[in-house]
Amino acid sequence: MARGHQKIQSQQKNAKKQAEMKKSKGHDQKTAAKAALVFTCSVCKSQMPDPKTFKQHFESKHPKSPLPPELEGVEA
């Protein structure tokens, strides 16, 4: 293992490398997941990733509400 001055240099080099990796990464899983949620329920404002899931949600959670026009042709 490195000791003294060599250890400090190694830590600084690693910190710089980690900072560059973090900067170049750009996005994380949370932002990617948020971008995938494109359908929003007009009743409860919950978000779904695809129309099939949206229709299943709407039929189970809001059975008395009329189906939105964007879900008319979708098969669940």
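Quantities reported herein were computed from a predicted structural model and do not represent experimental measurements. Nothing fancy with the numbering, it's 1 onward along the sequence.
- In this structure, T40 and F54 approach most closely via the heavy-atom pair O-CZ, 3.6 Å.
- Side-chain atoms of H57 and C41, non-hydrogen and from C-beta on, do get closer than 4.5 Å to each other.
- If you take CD on Q18 and NZ on K16, they are separated by 13.5 Å, rounding to the nearest 0.5 Å.
- Contact check for K55 versus E59: side-chain heavy atoms found under the 4.5 Å cut-off.
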Solution key, residues 42-50 side-chain donor-acceptor pairs under 3.5 Å, sequence neighbours excluded:
from : atom 1 : to  : atom 2 : distance (Å)
D50  : OD1    : T53 : N      : 2.9
D50  : OD1    : T53 : OG1    : 2.4

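- Under the side chain to side chain donor-acceptor pair (under 3.5 Å) criterion, Q11 pairs with no residue at all, not counting sequence neighbours.
- A continuous path of hydrophobic side-chain contacts links F58 to V38 [ILVMFWY only; heavy atoms under 4.5 Å].
- With S60 contributing its side chain and Q56 its backbone, the two residues share a donor-acceptor pair below 3.5 Å.
- Annotation: the span from N14 atom CG to Q12 atom CD amounts to 11.0 Å, rounded to 0.5 Å.
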